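Here the structure comes first, spelled out in structure tokens, and everything after it is commentary.
Everything quoted here is computed from the prediction, not taken from an experiment. Per chain, numbering begins at 1; letters A, B, ... match sequence-line order.
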2 protein chains.
Amino acid sequence: MGAKVLVVEDDAALAELLTYNLGKEGFEVRHAPDGDEALLAIDEDMPDLIVLDWMLPHMSGIEICRQVRARPETREVPVIMLTARGEEDDLLRGFETGADDYLTKPFSMTELVARIKSLLRRMRPTIAGNVATFGDITLDRETCRVRRGSRDVHLGPTEFRLLDVLMQRPGRVFSREQLLDRVWGHDVYVEIRTVDVHVGRLRKALNRRGEPDPVRTVRSAGYALDETYKASA
Amino acid sequence: MGAKVLVVEDDAALAELLTYNLGKEGFEVRHAPDGDEALLAIDEDMPDLIVLDWMLPHMSGIEICRQVRARPETREVPVIMLTARGEEDDLLRGFETGADDYLTKPFSMTELVARIKSLLRRMRPTIAGNVATFGDITLDRETCRVRRGSRDVHLGPTEFRLLDVLMQRPGRVFSREQLLDRVWGHDVYVEIRTVDVHVGRLRKALNRRGEPDPVRTVRSAGYALDETYKASA
DNA sequence: CGGTTATGTGACAGTTTTGTAAAAAACGAG
DNA sequence: CTCGTTTTTTACAAAACTGTCACATAACCG
């Protein structure tokens with residue numbers, strides 16, 4: 001499946017149009033009609049991107065945007081705002097608040113989709129739709145398969161998600177806590193060292209004898225995919 | 001503000017308009033009339049953002065964009081493209097190539113400025129936050145990597161934090177007490193001379209034979225990054 | 001100069017962090 | 001329920017890093 005997109009829009013007709021079209025593009029769409037629903041949705045399952053109508057019943061778009069930017073775990077989520085024509089003031093305040101892009105109604109679906117893809121690519125460089133690539137490693141979310149070069153790599157579900165998370169930002173160091181959050185879920189309690197074990201298994205599955213290890217251990221910090229390796233492969 | 005913006009635009013009148021207005025906003029603007037000049041300008045002093053006309057004499061905007069994206073050191077630089085009305089094909093190809101945003105001529109200066117600021121804020125992790133540079137030394141907090149020139153420098157956690165602190169204000173002298181505070185934490189008790197040992201280790205890791213030492217000892221005061229060195233490198 | 005103080009640095013013993021095998025527990029398809 | 005797979009925990013060894021000390025150098029000062 002594609003990225004998760006949260007659409008915050010009170011106009012039911014437009015909301016449905018968006019849901020339908022984005023869904024067709026392979027995004028997993030969730031809809032929230034107002035600010036409270038939006039924050040709830042964000043809590044329940046973190047979207048990869050938010051499309052935010054600027055005019056909402058109770059809480060203004062600007063307020064939601066501010067709240068999203070305020071929390072550390074959502075700070076990185078890109079926001080596209082939808083404004084009515086000619087609200088240039090709002091627009092500028094929107095950018096101030098930290099929106100990443102905006103579209104003026106009415107807008108073309110093609111354009112919205114292009115902008116969404118652009119922002120997502122910027123956020124998660126290796127992910128183009130369902131397939132992520134890092135050097136000679138390929139991870140396909142659709143078929144749940146991983147390949148290295150021409151060989152098939154068998155991973156258990158946990159190793160698969162682990163690699164998936166690491167590949168969302170190659171090179172970035174994820175702490176064990178962050179990995180627990182993202183791979184196991186923020187409500188599950190497991191020993192921190194379990195991460196190490198699974199990283200070990202991921203390595204064993206990924207590396208045949210003589211191949212360089214794409215997983216980097218950063219002492220006292222966590223694990224990351226090694227950009228050096230990517231360059232060499 | 002004060003970010004460096006490279007404007008690649010062959011139409012002299014528009015170029016001047018851009019230069020003037022962006023300058024007024026506090027950006028440091030450099031102008032290149034064609035692709036070759038653009039690449040040269042990028043080499044000479046890396047811009048923080050590129051405004052790129054899509055229709056250029058020799059090399060098309062798309063080609064420049066591709067080249068910018070191909071090099072690791074410019075991969076993260078955001079690109080805004082300027083297109084004539086109705087070239088929707090170009091637009092989509094532009095996003096494919098990795099442009100981050102686009103504007104259709106004619107556009108309002110306010111809007112361009114807003115978009116530039118938004119992109120710069122989004123890139124902040126790279127420009128203002130996560131990567132520090134001092135001369136030929138680079139410290140990346142996201143990947144936990146340090147490089148000197150083209151060589152990878154391996155540091156232990158303590159040396160890493162130490163360099164991090166020093167790089168937060170290059171040239172400033174930090175007393176050993178201050179370094180203990182900031183690197184070890186103000187609640188830890190360790191001998192003051194431990195700082196010296198770690199500075200020594202940092203030096204050893206940073207300097208290959210024949211290279212000048214970027215760390216300056218200030219007798220009876222502390223340590224600092226040497227601005228003399230920065231100038232020379 | 002000689003005396004004094006500050007810094008550089010090798011060695012080392014102790015600590016922390018990581019890799020990993022193996023056991024135990026959990027899970028899932030028949 | 002049973003078997004095979006996967007996950008989690010645990011324990012231990014290996015590796016990496018740390019803080020301290022002692023002594024060698026270097027800088028300062030009258």
Side-chain angles (χ1 to χ4, degrees), chain A residues 144-146 152-166 173-185 187-207 209 211-226, chain B residues 144-146 152-166 173-209 211-226:
Chain A
C144 291
R145 265 170 203 286
V146 174
D152 248 311
V153 175
H154 172 79
L155 297 179
T158 309
E159 281 83 53
F160 183 86
R161 285 195 305 274
L162 178 59
L163 180 60
D164 189 357
V165 168
L166 289 175
V173 176
F174 293 88
S175 70
R176 291 176 175 72
E177 285 81 1
Q178 287 173 323
L179 291 173
L180 274 188
D181 258 26
R182 303 194 190 197
V183 176
W184 280 259
D187 42 3
V188 184
Y189 177 68
V190 287
E191 280 299 322
I192 201 83
R193 291 294 315 277
T194 303
V195 177
D196 296 51
V197 176
H198 280 92
V199 169
R201 279 222 272 283
L202 176 58
R203 280 180 164 137
K204 184 154 21 177
L206 233 35
N207 307 331
R209 202 175 71 74
E211 289 176 329
D213 185 358
V215 181
R216 182 165 71 108
T217 303
V218 182
R219 181 171 245 255
S220 82
Y223 297 97
L225 288 186
D226 188 342
Chain B
C144 295
R145 273 210 148 97
V146 174
D152 246 307
V153 174
H154 176 81
L155 298 179
T158 310
E159 282 81 57
F160 185 88
R161 286 195 303 274
L162 178 59
L163 180 61
D164 189 355
V165 168
L166 289 175
V173 178
F174 293 89
S175 72
R176 291 175 175 71
E177 285 81 0
Q178 287 174 321
L179 291 173
L180 273 188
D181 257 26
R182 305 196 188 196
V183 176
W184 279 260
H186 54 142
D187 43 0
V188 185
Y189 175 70
V190 287
E191 282 298 323
I192 200 85
R193 292 292 319 278
T194 303
V195 177
D196 297 52
V197 176
H198 281 279
V199 169
R201 286 176 185 156
L202 176 58
R203 280 179 165 137
K204 182 152 28 175
L206 232 36
N207 307 331
R208 282 267 167 288
R209 203 176 69 74
E211 289 176 330
D213 185 359
V215 182
R216 183 165 67 105
T217 303
V218 182
R219 182 169 239 258
S220 79
Y223 297 96
L225 287 187
D226 188 343

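- Residues A:N207 and A:P214 come closest through the heavy atom pair OD1-CD, 3.2 Å.
- Look at CZ on B:R176: it is 9 Å from P on C:dA6, rounded to the nearest Å.
- Reading DNA chain D from its 5' end, the first and the last nucleotide to sit under 4.0 Å from a heavy atom of chain A are D:dT6 to D:dC17.
- For the atom pair CD of A:E191 and OH of A:Y189, the computed distance is 4.0 Å after rounding to the nearest 0.5 Å.
- Phosphate proximity of C:dT18 to A:R193: absent, as no side-chain N or O sits under 4.0 Å from OP1 or OP2.
- Annotation: salt bridge (Lys or Arg N to Asp or Glu O under 4.0 Å) contacts involving residues 216-226 of chain B, sequence neighbours excluded, are absent.
- There is no side-chain donor-acceptor pair under 3.5 Å between A:S220 and B:R161.
- Distance CG/B:D164 to OG1/B:T158: 12.5 Å, rounded to 0.5 Å.
- Identified under the salt bridge (Lys or Arg N to Asp or Glu O under 4.0 Å) test for residues 174-187 of chain B, with sequence neighbours left out: B:R176-B:D196.
- Only one option out of A:I192, A:V165, A:T194 pairs with A:L179 in a side chain to side chain contact (heavy atoms under 4.5 Å, CB included); it is A:V165.
- Within residues 214-225 of chain B, the residues approaching DNA chain C are B:T217, B:V218, B:R219, B:S220, B:Y223, by heavy-atom distance under 4.0 Å.
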inquiry  = For a quick check, with a 4.0 angstrom heavy-atom cut-off, what is the B/S/- contact string for nucleotides 21-30 of chain C, read 5' to 3'?
reply    = B---------
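- Closest heavy-atom contact between B:Y223 and B:L166: O-CD2, 4.1 Å.
- In this structure, NE2 on A:H198 lies 10.5 Å from CG on A:L180, to the nearest 0.5 angstrom.
- Going from atom CD of A:E191 over to atom C1' of C:dT18 covers 15 Å, rounded to whole Å.
- For the pair B:E211 and B:R208, the tightest heavy-atom approach, listed with the atom from each and the gap, is OE1-N, 2.7 Å.
- At its two ends the helix from C:dC1-D:dG30 to C:dG30-D:dC1 runs along axes set 40° apart, each axis drawn from five pairs and the angle rounded to 10°.
- Between the CZ atom of A:F160 and the NE2 atom of A:H154 there is a distance of 11.5 Å, given to the nearest 0.5 Å.
- Across all their heavy atoms, B:D152 and B:V146 have their closest contact at OD1-O, 3.5 Å.
- Of all heavy-atom pairs between A:V153 and A:A205, the closest is CG1-O, 3.5 Å.
- Atom CG of A:N207 is separated from atom P of C:dG19 by 13 Å (rounded to the nearest Å).
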